[in-house]
K.L.:
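Below you will find the structure I want to go over with you.
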Amino acid sequence: IKIFILSPKCFGMYSILNLIGLISGGWISARMIKNYELLNVLVVGVIISSVPIGMFVLLKDVIFNSDSKGLLFFMLIAILNFGLGLIYPIASYFALNSIKCSSTASSIMNFIKIACPALAIYCVSRLHLGLIDSFETPLLIMFLITIICYLIIKFSLFRSAITADMLKIS
């Protein structure tokens with residue numbers, strides 16, 4: 001609110017974009033996995049999520065300019081959430097089908113979902129960065145974690161857990 005000089009009403013209206021991005025990503029993910037392989041949908045989600053992260057890194061002066069009134073910032077976050085909406089259902093599917101006890105898989109998945117951002121924010125807090133850099137760095141850390149997880153799946157380090165029938169849903 002302070003960076004973009006927004007009223008609480010305007011901030012609330014812009015925040016709805018985040019919800020729309022996340023819900024539409026999950027909805028489209030459900031449609032895409034019926035027609036495409038899971039890893040392909042996962043790649044699309046990673047690519048869509050990486051575009052706003054790259055824009056935050058390259059165009060941070062434009063995005064965080066108070067003249068922009070925050071619309072570009074919230075649109076990029078909505079696109080990021082759209083990509084995450086594509087990624088999360090597939091990651092949950094892999095987690096729930098990789099071991100016999102789905103409750104254990106679900107709890108581990110939620111632990112990772114909460115622990116990774118907390119760890120990224122903790123690391124950034126120790127770096128003593130400026131306000132805008134402290135926003136950008138956790139995004140980069142989370143992006144790197146996403147790429148590493150994708151590479152683990154892609155190069156079959158857990159191929160015994162991820163069978164061919166998991167990669168294609170009929």
K.L.:
Hydrophobic clustering (ILVMFWY, side-chain heavy atoms < 4.5 Å, transitive) - are Leu84 and Ile20 grouped together?
P.N.:
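No; tracing contacts between hydrophobic side chains, which count when under 4.5 Å, never links both residues.
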K.L.:
Show me the donor-acceptor pairs, under 3.5 Å and distance only, between side chains in residues 50-58 and residues at least two apart or in other chains.
P.N.:
| from | atom 1 | to | atom 2 | distance (Å) |
| --- | --- | --- | --- | --- |
| Ser50 | OG | Val46 | O | 3.3 |
| Ser50 | OG | Ile47 | O | 2.8 |

K.L.:
Are the side chains of Leu17 and Ile77 in contact, using a 4.5 Å heavy-atom criterion?
P.N.:
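SC-SC contact between Ile77 and Leu17 ruled out.
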K.L.:
Rounded to the nearest 0.5 Å, what separates atom CG in Asn35 from atom CZ in Arg31?
P.N.:
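Going from CG on Asn35 over to CZ on Arg31, the span is 10.5 Å.
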K.L.:
Do you know the tightest heavy-atom contact between Asn18 and Phe74?
P.N.:
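For Asn18 and Phe74, the tightest heavy-atom pair comes out as OD1-O, 4.0 Å.
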K.L.:
With a 4.5 Å cut-off on side-chain heavy-atom distances among I, L, V, M, F, W and Y, is there a chain of contacts connecting Ile23 to Ile28?
P.N.:
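Looking at the clustering, Ile28 is in a separate group from Ile23.
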K.L.:
Find the distance between CG (Asn40) and CD1 (Ile33) and round it off to the nearest 0.5 Å.
P.N.:
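Output value for this atom pair is 12.5 Å.
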K.L.:
Counting neighbours of CE on Met32 that are heavy atoms of other residues, nucleotides or ligands and sit closer than 6.0 Å, is the number greater than 12?
P.N.:
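Count over threshold, so yes.
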K.L.:
In terms of hydrophobic clustering (I, L, V, M, F, W, Y; side-chain heavy atoms under 4.5 Å; direct or indirect links), are Phe11 and Met75 co-clustered?
P.N.:
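Looking at the clustering, Met75 is in the same group as Phe11.
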K.L.:
Nearest 0.5 Å please: distance from the CD1 atom of Ile48 over to the CD1 atom of Ile79.
P.N.:
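Result: 9.0 Å between the selected atoms.
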K.L.:
What pair of heavy atoms forms the shortest contact from Phe82 to Ser24, and how long is it?
P.N.:
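What the structure gives for the nearest pair is CD1-OG, 3.3 Å.
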K.L.:
Would Leu39 and Leu42 count as a side chain to side chain contact (heavy atoms under 4.5 Å, CB included) if you check the C-alpha gap in whole Å, the side-chain angles of each, and the deciding distance to 0.1 Å?
P.N.:
CA-CA 5 Å; Leu39 283 178; Leu42 187 67; 4.0 Å; yes
K.L.:
As an exercise, state the distance from OH of Tyr88 to OG of Ser29, rounded to the nearest 0.5 Å.
P.N.:
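Going from OH on Tyr88 over to OG on Ser29, the span is 12.0 Å.
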K.L.:
Indicate the atoms forming the closest heavy-atom contact of Leu80 with Ser49, along with that distance.
P.N.:
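Nearest pair, atom of Leu80 first, then Ser49: CD1-O, 3.4 Å.
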K.L.:
Of all residues at least two apart in sequence or in a different chain, which pass the side-chain contact (heavy atoms from CB on, under 4.5 Å) check with Leu22?
P.N.:
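side-chain contact (heavy atoms from CB on, under 4.5 Å) check on Leu22 returns Asn81.
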K.L.:
Is there a path of hydrophobic side-chain contacts, each under 4.5 Å between heavy atoms, that joins Leu38 and Trp27?
P.N.:
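They do share one cluster, since a chain of ILVMFWY contacts under 4.5 Å joins Leu38 to Trp27.
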